[in-house]
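Because the structure is predicted, anything quoted here is derived from the model rather than measured.
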Amino acid sequence: MFEKLISSKNEVSIRCGNDEIRGVITNYYSAFQLLKISNIMIPLELIEQIEVLEPKSSSTALSKISRGSLRLVTRERLSNQV
């Protein structure tokens with residue numbers, strides 16, 4: 001999941017409790033369960049939600065991916081949305 005976010009270079013918003021960090025995820029250290037965003041290392045256990053801020057295509061839809069207690073929220077564009 002994180003490799004796709006790193007390679008797409010989309011801006012994300014990461015929520016950890018009352019804090020929100022915006023930036024591009026540059027590294028994922030699986031051995032240490034850490035994400036690096038805007039030169040800040042964040043333990044995965046503290047992340048409540050990751051939201052992709054930049055859309056990929058044409059019409060907007062909201063999709064969520066759950067991974068344990070971690071949620072990934074993306075805004076995707078759908079061409080055939082009613």
From R22 CZ over to R15 CZ, what is the distance, rounded to the nearest 0.5 angstrom? 12.5 Å

Intermediate values then yes/no, side-chain contact (heavy atoms from CB on, under 4.5 Å), I37 and I42: CA-CA 8 Å; I37 178 173; I42 305 170; 3.4 Å; yes

CD on E45 to CD on Q33, rounded to 0.5 Å: 9.0 Å

To the nearest 0.5 Å, tell me how far S8 OG sits from E3 CD. 11.5 Å

Side chain proximity check, I50 to F2, heavy atoms < 4.5 angstrom: yes

Under the side-chain hydrogen bond (donor to acceptor under 3.5 Å, both in side chains) test, which residues partner S13, sequence neighbours left out? E20

Residue list, side chain to side chain contact (heavy atoms under 4.5 Å, CB included) with I6, at least two apart or on another chain: I25, Y28

Students should find that the hydrophobic cluster of Y29, defined by side-chain heavy atoms under 4.5 Å apart, otherwise consists of F32, L34, M41

Of the options I47, L5, T26, which is the one that meets L35 in a side chain to side chain contact (heavy atoms under 4.5 Å, CB included)? I47

Whether the side chain of E48 engages the backbone of G17 through a donor-acceptor N/O pair (distance < 3.5 Å, no angle test) should be reported. yes

Can you name the nearest heavy-atom pair linking G23 to S38, along with the distance? CA-OG, 3.5 Å

To the nearest 0.5 Å, how far apart are CD1 in I40 and CD1 in I21? 4.5 Å

